[in-house]
Amino acid sequence: MTAAMPSADAACVLMVFILCISGDQGQENIICALKGSSVDLHCSAQHPTTSAKWYTVHRNDSKDVLRKLSTDDNRVTYNVSPESDFTLTIKDLGESDYKKYCCRESTDQPDLCWKNSTELRVADLQVKVIPSTEGLTVTLMCSSSCPLTENPAAYIWYKNREFLYEDWSPWYQQLVSSEAAVRYSCAIKGYEDLRAPEVSVDSVTLACFSVTYAKGKMCSYVQKSEDEPCSITYPTELHAQKTSGREFITLTCNTSCPKVDPHAAFRWYWNRELYSHCENQDITLFGASSQFYHCAVKGHEDLRSDEACVDEKSCRSVNYVTRRICALEGSSVNISRLDSWTYGLPHYLSWRKRGDEEAESLKGDAGHLEFHQHSRNVNTLTINNLTKDDSAEYVSKWSPRGQFGLLGATLVVTGLKVTFTPSAVVTEGQRVTLTCSTSCPLNADYTWTFNSRPLTLPEDQNKQLVLDPVRKQHAGNYSCAVGDPQNITSSERTLTVMPLQSMAIMNAVKMTLLSLIPIAVCVLYLTIRKKKTQTELAGKVQTGETEPLYDDIRLSPMNPAARAEPAEQQEDTV
């Protein structure tokens, strides 16, 4: 039975040859900066002079159009001196700054300006919610809409707007179940006021998970206002299904989730490159042969279908047993690659970290890196004695002339650390929560020791140990560990418990000292004022200076003899 050709409004109808579009990219540079932050762009002209100007450049009907950049004294400025390297500075970045910029002497040859332009992308920070393989849970990741050029110093996580912790890893350290009343957010250290919109996980099932965003623009459909919250349901997994007709092939991005947002757009990847011209759930191809393909939901590109081939006999698709791996420092991990082609053993297989395009392929080292082939289509990279430097996305290729796949396996290496909430110094009777903190969610059983002795935990406590109320006998050294398979243990941290009486005395002393401070400051002020007044008066007496109040008083000598003389003369005359 021949499959019917889908209608144009239900699918993208494409000729395969138009998918292979290439162009001269020149020396284009891409910079991604966080919305609300500042960025510096450097002039790309070979020998700029003081007549150089900054322009924005865009294409209109295949023509390059330059527009002189308007500046102001506050937000957009640039210097035209060699000492400043002709730097363009843009502060408080907004979506309107998402453009291509170039620095030129004149508007001649706008095509050169396009080829040597700097594309500035403005990133929104968001909390990505990704389904995990561990029960009805999801993982959280602090993500940006484009890879930030400036490597973040650390990521900060908030729960119900309260600070939780900061860490170098963008992954939230615990698996999250459905808790609609709990809201999560994140920020980048140094940009704490540019937090991601809050996210809550409403429900998680085998086929779907539902999320509520505090900002409507996070949903695929249009809200009345971007400031209104919105909810959306995502599938937990996707499958790119192929249907063959007589002269065409239809690909459908399928899911078993019945509640997927009907307005959802899809992403198609063709020959391991994003094909942005179609956002339909179906795509129809003519003349296809050995191309790779897979699909994703727009706005949630981390959730992708497995890679497949149009012609499975002449194409070798590559997938991974696990795409996201969280592992402990000092442990070992296996990253396994699955090949669809089982007709022969590969003569060449190369592994590399994503982003290390200039570096050589990974080399085998029995103490650290090992390569194994378990069958015709399963190859494994084993990394022993993990360090945080091993955290990366790993990709592979099976031909020297081939290309590394678009899909890879992301590895996050974490340590163990004991943290105390609210603090490591508490008062007897308080509630204290001890957490075995990690940089990513581990699927593991945790054990605890207290003063080097193992603790027996309640059934509902594992990663966290709750002391409610805390007593003085709880004071001491705590450590946590993951038992299987390497028995890796955190360093010890001390919990100090202050007795209520001691705390009352400390509070009384503190209040007394606080009450004495104003009196002491007042006495010190009066003392300084008195000394200053005495010093000024003494100085004026020595120099003969007086205040104007005393200038109008005439002083006369006080001589009694002089005063008595007129009286004696009066007696003589009587």
Result block: side-chain N/O donor-acceptor pairs under 3.5 angstrom for residues 150-158, not counting sequence neighbours:
residue : atom : partner : partner atom : Å
E150    : OE1  : Y191    : OH           : 3.4

### Query
Listed by chain and number, what are the side chain to side chain donor-acceptor pair (under 3.5 Å) partners of S437, not counting sequence neighbours?
Q173, T419
## Note on the structure
Across all chains, not counting sequence neighbours, the side chain to side chain donor-acceptor pair (under 3.5 Å) partners of T137 are S132
Roughly how far, to the nearest 0.5 Å, is [atom2] of [Y] from [atom1] of [X]?
X    : Y    : atom1 : atom2 : answer
L120 : T149 : CG    : OG1   : 8.5 Å
E119 : L41  : CD    : CG    : 11.5 Å
T382 : L369 : OG1   : CG    : 9.0 Å
I383 : S332 : CD1   : OG    : 9.5 Å
H58  : T56  : NE2   : OG1   : 7.5 Å
K99  : C102 : NZ    : SG    : 12.5 Å

### Query
Residues in side-chain contact (heavy atoms from CB on, under 4.5 Å) with D92, at least two apart?
R75
### Query
Taking only residues two or more places apart in sequence, or in another chain, which ones meet A196 in a side-chain contact (heavy atoms from CB on, under 4.5 Å)?
L125, V127, S185, C186
### Task
Could you please spell out the steps behind the side-chain contact (heavy atoms from CB on, under 4.5 Å) verdict for V413 and L328?
CA-CA 6 Å; V413 181; L328 279 171; over 6 Å; no
Output all residues satisfying salt bridge (charged side-chain N to carboxylate O under 4.0 Å, His left out) with [X], sequence neighbours left out; order by chain, then residue number.
X    : result
R324 : none
K35  : E95
E428 : none
R323 : D306

Can you see which heavy atom on [X] is nearest to which on [Y], and at what distance?
X    : Y    : value
W351 : I335 : CH2-O, 3.7 Å
L457 : W448 : CD1-CD1, 3.2 Å
T414 : C326 : CG2-SG, 4.0 Å
V176 : Y184 : CG1-OH, 3.7 Å
P235 : T255 : CB-OG1, 2.8 Å
N280 : W268 : O-NE1, 3.0 Å

Does a side chain donor of either [X] or [Y] reach within less than 3.5 Å of an acceptor in the other side chain?
X    : Y    : value
S231 : Y213 : no
S178 : S203 : no
S145 : D124 : no
D40  : T89  : yes

Within the 4.5 Å heavy-atom criterion, are [X] and [Y] side-chain neighbours or not?
X    : Y    : answer
Y275 : E273 : no
L238 : N254 : no
L416 : C436 : yes
R352 : Y394 : no
S331 : I488 : yes
L411 : L386 : yes
L175 : V138 : no
L467 : L495 : yes

### Evaluation steps, side-chain contact (heavy atoms from CB on, under 4.5 Å), between V497 and V426
CA-CA 5 Å; V497 181; V426 293; 4.3 Å; yes
### Message
Go through it in stages, so that I can follow the logic: the residues are F209 and V201, the test is side-chain contact (heavy atoms from CB on, under 4.5 Å), and I'd like the CA-CA distance, side-chain angles, deciding distance and then a yes or no.
### Response
CA-CA 8 Å; F209 62 98; V201 181; 5.6 Å; no
Where the side chain of [X] meets the backbone of [Y], is there a donor-acceptor pair that is under 3.5 Å apart?
X    : Y    : result
R267 : C295 : no
H368 : N384 : yes
S169 : W171 : yes
T380 : S336 : no

#### Entry: S396 and R337: CA distance, side-chain angles, deciding distance, side-chain hydrogen bond (donor to acceptor under 3.5 Å, both in side chains) verdict
CA-CA 8 Å; S396 59; R337 160 191 164 126; 2.7 Å; yes
Below 3.5 Å, can you tabulate the donor-acceptor pairs from side chains in residues 471-481 to any protein atom, sequence neighbours excluded?
residue : atom : partner : partner atom : Å
H474    : ND1  : R471    : N            : 2.9
N477    : OD1  : T494    : OG1          : 2.6
Y478    : OH   : H474    : O            : 2.7
S479    : OG   : T449    : OG1          : 2.4

### Task
Taking atom CG of L206 as the centre, report whether more than 12 heavy atoms of other residues, nucleotides or ligands fall under 6.0 Å from it.
no
#### Entry: Pairs meeting criterion salt bridge (Lys or Arg N to Asp or Glu O under 4.0 Å) with involvement of residues 159-178, two or more places apart
R161-E198, E166-K189
#### Entry: Inter- and intrachain pairs under disulfide (SG to SG under 2.5 Å), touching residues 145-176, at least two apart
C32-C146
### Query
Considering the options D445, T438, T435, which one meets the side chain to side chain donor-acceptor pair (under 3.5 Å) requirement together with K463?
T438
#### Entry: V129 vs L140, side-chain contact (heavy atoms from CB on, under 4.5 Å): CA-CA, chis, key distance, verdict
CA-CA 5 Å; V129 184; L140 306 179; 3.9 Å; yes
### Geometric cation-pi criterion R304 and Y269, 6.0 Å radius, 45° cone
yes
### Worked check of salt bridge (Lys or Arg N to Asp or Glu O under 4.0 Å) between K353 and E393
CA-CA 6 Å; K353 291 182 179 180; E393 182 182 7; over 6 Å; no
